[in-house]
Amino acid sequence: MTSLVKRTAIERVRHTVSLVPRGKIASYGQVADLAGLPGRARYVGYCLRNTPASERLPWHRIVRSDGKLAFPPQSDSAHTQQTLLHAEGIRVQNNRVSISEFGWQPDLGALLHEIPY
DNA sequence: ATGCAGGCCCGTC
DNA sequence: GGACGGGCCTGCA
């Protein structure tokens with residue numbers, strides 16, 4: 001299953017996002033770094049926006065570096081994201097989550113096995 | 001804490 | 001080519 005040939009950037013991004021475990025969150029920049037695309041946080045946002053729901057990516061586990069959700073507080077998307085996070089036991093208050101509490105801290109050694117970048 | 005200006009890099013027009 | 005904007009980030013006021 002662990003294909004070592006995830007070439008295109010968008011596939012790398014999607015793959016990396018898919019590795020974020022339930023109940024944890026990661027930032028756009030973090031995903032970009034892990035995907036071997038340092039400095040391209042915005043690109044990660046672009047990818048998620050353009051990823052069809054059929055991909056079943058845990059897009060809701062991706063937030064800004066300060067823990068805030070990337071959507072306007074009252075938007076449908078923000079509401080959906082909050083609901084999904086809540087369902088995983090992640091508390092969302094004032095449109096933000098606690099990085100220290102829920103931030104994903106991957107084992108880089110193990111990741112090297114998943115993401116050879 | 002909150003806001004904003006740059007800077008970043010890619011995709012689209 | 002050039003211009004513009006984006007589910008961003010960092011630094012500084």
Side-chain angles (χ1 to χ4, degrees):
Chain A
M1 189 62 179
T2 315
S3 166
L4 294 180
V5 274
K6 295 274 184 189
R7 347 199 131 75
T8 72
I10 191 164
E11 283 177 331
R12 280 150 72 149
V13 168
R14 287 173 175 165
H15 182 208
T16 304
V17 170
S18 75
L19 297 179
V20 180
R22 235 186 109 82
K24 293 293 181 181
I25 56 168
S27 78
Y28 291 88
Q30 183 181 6
V31 169
D33 287 347
L34 292 174
L37 305 166
R40 295 181 229 183
R42 304 198 79 147
Y43 178 67
V44 171
Y46 177 84
C47 290
L48 296 186
R49 185 197 239 319
N50 288 285
T51 298
S54 57
E55 292 273 332
R56 297 294 154 82
L57 279 189
W59 60 272
H60 56 282
R61 295 178 192 147
I62 312 303
V63 301
R64 289 183 168 162
S65 61
D66 59 3
K68 285 193 284 192
L69 305 195
F71 298 105
Q74 314 296 9
S75 64
D76 283 353
S77 298
H79 191 275
T80 301
Q81 185 171 22
Q82 286 184 38
T83 302
L84 290 171
L85 290 173
H86 226 235
E88 302 188 355
I90 298 176
R91 289 198 317 158
V92 182
Q93 293 182 78
N94 300 325
N95 212 54
R96 77 187 270 186
V97 301
S98 166
I99 296 285
S100 57
E101 203 172 345
F102 302 108
W104 180 38
Q105 284 160 31
D107 179 321
L108 298 181
L111 267 194
L112 206 56
H113 186 253
E114 291 285 335
I115 315 174
Y117 321 130

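Each chain gets a letter, A, B and so on, in the order its sequence line appears, and its residues count up from 1. Values below: all heavy atoms of this structure, side chains included; hydrogens, waters and symmetry mates excluded. Just so you know, these numbers come straight off a predicted model, no measurement behind them.
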Here the residues of residues 90-103 of chain A within 4.0 Å heavy-atom distance, strictly under, of DNA chain B are A/Arg96
Counting C-beta onward and ignoring hydrogens, is there a side-chain heavy-atom pair between A/Leu85 and A/Leu69 closer than 4.5 Å? yes
Going 5' to 3' along nucleotides 2-13 of chain C, which nucleotides have protein heavy atoms under 4.0 Å from the base (write B), which only from the sugar-phosphate (write S), and which from neither (write -)? ----BBBSS---
Can you list the steps and then say if A/Arg22 with A/Arg61 is a side chain to side chain contact (heavy atoms under 4.5 Å, CB included)? CA-CA 8 Å; A/Arg22 235 186 109 82; A/Arg61 295 178 192 147; 3.2 Å; yes
Scan every strand shown for a Watson-Crick or G-U wobble partner of B/dC8, both distances under 3.5 Å, and answer none if you come up empty. none
A/Val13 vs A/Tyr46 side-chain heavy atoms within contact, under 4.5 Å: no
Heavy-atom check, side chain of A/Trp59 versus side chain of A/Val17, under 4.5 Å: no
Common cluster, A/Val63/A/Trp104, ILVMFWY with side-chain heavy-atom separation under 4.5 Å: no
Considering only the C1' atoms, how many Å lie between C/dG5 and B/dC8, rounded to the nearest integer? 13 Å
Please assess A/Leu34 against A/Leu108 for the test side chain to side chain contact (heavy atoms under 4.5 Å, CB included), listing each intermediate value before the final yes or no. CA-CA 9 Å; A/Leu34 292 174; A/Leu108 298 181; 4.1 Å; yes
Only pairs with both distances under 3.5 Å count, Watson-Crick or wobble alike; so what is the partner of C/dG7 in this structure? none
Quick check: do A/Ser18 and A/Glu55 have side-chain heavy atoms less than 4.5 Å from each other? no
Indicate yes or no for a side-chain donor-acceptor contact from A/Asp107 to the backbone of A/Gly109 under 3.5 Å, with no hydrogens or angles considered. yes
